[in-house]
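Read the numbers this way: they start at 1 and go in the same order the structure lists the ligands and their atoms. What you see is a predicted model, and the numbers here were worked out from it, not measured in a lab.
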Amino acid sequence: MASRDFDCIVIGAGIQGSFTAYHLAKSGRKTLLLEQFVLPHSRGSSHGQTRITRKAYEQDFYTQMMEECYQLWAQLEKEANVKLYRRTGLLIMGPENGRDFLLFKNTLLKNKVPTVTLEPSEFSQHIPHVNRNPGDGAIVDTTAGVLYADRALKAVQGVFHRLGGVIKDGEKVIDIQTGPVVTVTTASGVYKAKSLVITAGPWANRLLSHTNLQLPLQVVKINVCYWREKIPGTYSVTKRFPCFIQTECKEGKYHIYGLPSNEYPGLMKVCYHMGSETDPDERDRQTDRWDIDILSHYITRCFPGLVPIPAVVESCMYTVTPDHHFVLDRHPSHSNIIIGAGFSGHGFKFGPIVGKLLCELTLGLVPSYDLSPFKIQRFLSQPKSAL
Ligand SMILES: Cc1cc2nc3c(=O)[nH]c(=O)nc-3n(C[C@H](O)[C@H](O)[C@H](O)COP(=O)(O)OP(=O)(O)OC[C@H]3O[C@@H](n4cnc5c(N)ncnc54)[C@H](O)[C@@H]3O)c2cc1C
Ligand SMILES: O=C(O)[C@@H]1CCCCN1
C-alpha cells in the first residue's frame, strides 16, 4: 500500500472525526485524519475548556446512548492518563407542566437515571443564590458533569496517533472524487481510500457539495458568555454548584444553560442555546448580540450573584438540523461515504459513541444503536428540504 493509500480517510478533526478515527484505528484500519487548520484551533465547534455531559434528555434514545458513553469516556481517561470528566450534577429548572421540563423529567424517571427532585420549600437550601421562577419544578440528574473539551480532543487525537493513525493538519480538503476508491485532494496532497467519513462540522455542506448532496443544516454563531461572580466562588464547582438547564422561561424561546465557575476563576459560563446564522468562514463578522440581552435579563432576575454584563465572550458554532437531531448515516448515492453532521449544539458528550457508530457504518457492521432518528431520509418528507 503506497503511503498515500489508506483504508479510511476522515475529514475533520473535531471531536466527532477524532473519535471516528480513534475507533477505526482500534479496529486495525489504516486511517488518515485530515484537518484544514493547524491543531489545536478555535474556529469550529469542539474548542473551549468545557462542555456539559448528562443523561438527562428529552428523548429516550439519547439517554440510552449515554449509558455506554460514560464508560467510553472513562476508558479514554485511562488510555490517555488524563482527567476529562468532573461530576457536578445537572439541575433542570422549568415550568412544572411545561413540555420540555416534563420530557426531561419523564425520560429521567423512565430510564431510572439517579435523580434528586427539589421541592420549592427546599430549593434554596440546596441551590443558594438562585431565584427559582414561581411555578418552576427542579430535578437534578446526579450523573451529569463537566467534560474538559480541549483536553479531551488532545487526548483522543493522541491515542489515535499512538495506535498508528496519521493526522495531517493544516490540510484543507478541496476536492473529493467518489467511486469504489475515493480520491481526496488537499492543498498539498492527493490521498486514496476505500472509505471516507465526512465530519466537517459547520463546513459539512461545503464538503458534501463535492458528492452532489446538500443537507438542511443551519450554521449559527454562539456567543459563549462568562459572567463575573459578585463574590468570587458563589457558583463555584468547589462549592458543588451544578451545571443547569433552564427550559421554558419568559426571556426566550430556547433553553438557557450554565456551568459552575471553574475554568476561569470567578467567572460562570451561562449561554443561550441559539444564535444568529453565519458563514463558517466569516464567523467573526457575525456581531449580533440579541442572545446576550436575553441572558442579561435572565441573569438579573435569576442569578443575583452575577454581574449581568458578560466579562468574557468567546465564539463557537452550532450546525443545526430542523429537528435538532444528529445526522449519522451512509451517503444516499455512495455507500462508502459515511456522514456525521448536524450535531445541533449538543454533540460533544456523544463523541465516543458517535465515533463508534460512524466506524461501524464504515466497516459495514450492524450499528450498536437504532440509527433511525439520525437518517438523512427523514429530511426528504420536509417540504422545504434542501436535499
Ligand atoms: C458554545 C457551544 C457549547 C456547546 N455545549 C455543549 C455541551 O455542553 N455539551 C455537548 O455535548 N455539546 C455541546 N456543544 C456541541 C458540541 O461542541 C458539538 O456538537 C461538537 O463539537 C461538534 O463536533 P464536530 O466534530 O461535528 O465539529 P467541529 O468541531 O467543527 O469539527 C469539524 C472539523 O472539520 C474541519 N474541516 C471542515 N472543513 C474541512 C476541510 N475542507 N478540510 C479539512 N478539514 C475540514 C474543521 O476545521 C473542524 O475542525 C456545544 C457547542 C458550542 C458551540
Ligand atoms: O448539550 C448540552 O448539554 C448543552 C446544554 C444544553 C443545550 C445544549 N448544550
Quick check: [Y] with [X] (ring centres under 6.0 Å apart)?
{"X": "Phe101", "Y": "Phe104", "value": "no"}
{"X": "Phe160", "Y": "Tyr22", "value": "no"}
{"X": "Tyr62", "Y": "His346", "value": "yes"}
{"X": "Phe303", "Y": "Phe244", "value": "yes"}
{"X": "Phe374", "Y": "Tyr369", "value": "no"}

**Message:** One residue to check: Ile245. Relative to ligand 2, which of side chain, backbone, both or neither has a non-hydrogen atom less than 4.0 Å away?
**Reply:**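 The part of Ile245 near ligand 2 is the side chain, not the backbone.
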**Asked** What protein heavy atom is closest to atom 1 (O) of ligand 2, reported as residue, atom name and distance in Å?
**Response**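 The answer is Lys349 NZ, 2.6 Å.
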**Ring geometry between Tyr226 and Tyr264 (parallel below 30°, tilted from 30 to 60°, perpendicular above 60°)** =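 Tilted, since the angle between the ring planes falls between 30° and 60°.
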**Asked** Are there more than 12 heavy atoms of other residues, nucleotides or ligands under 6.0 Å from atom CZ of Arg301?
**Response**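 Result for CZ/Arg301: enclosed.
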**Prompt:** Does Arg51 reach ligand 2, in the sense of a heavy atom lying below 4.0 Å from it?
**Reply:**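 In this structure, Arg51 fails to qualify as a contact of ligand 2 - no heavy atom is under 4.0 Å.
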**Request:** Tell me, please: is His273 in heavy-atom contact with ligand 2, that is, under 4.0 Å?
**Result:**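 Judged by the 4.0 Å heavy-atom criterion, His273 does count as contacting ligand 2.
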**Prompt:** Does the side chain of Thr186 pick up a donor-acceptor pair with the side chain of Glu171 at under 3.5 Å?
**Reply:**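 Thr186 vs Glu171: donor-acceptor pair found between side chains.
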**Message:** Ignoring hydrogens and geometry beyond distance, is a side-chain donor-acceptor pair present between Tyr272 and Glu251 at under 3.5 Å?
**Reply:**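 No - no donor-acceptor pair under 3.5 Å links their side chains.
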**Item:** Geometric N/O contact Gly345 with ligand 2, under 3.5 angstrom
**Value:**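 N/O-N/O distance below 3.5 Å exists for this pair.
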**Request:** Kindly confirm or rule out an N or O of Arg54 lying under 3.5 angstrom from an N or O of ligand 2.
**Result:**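 Looking only at distances, the answer is yes, because the N/O contact criterion of under 3.5 Å is met.
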**Prompt:** Against heavy atoms of His346, which atoms of ligand 2 measure under 4.0 Å?
**Reply:**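 Listed by number with element: 1 (O).
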**Message:** Which protein residues come within less than 4.0 angstrom of ligand 1, counting heavy atoms only?
**Reply:**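 The answer is Ile11, Gly12, Ala13, Gly14, Ile15, Gln16, Leu34, Glu35, Gln36, Phe37, His41, Gly44, Ser45, Ser46, Arg51, Ile52, Glu171, Lys172, Val173, Thr199, Ala200, Gly201, Pro202, Trp203, Leu207, Ile222, Val224, Tyr257, Cys316, Met317, Tyr318, Phe343, Gly345, His346, Gly347, Phe348, Lys349, counting any residue whose heavy atom sits under 4.0 Å from ligand 1.
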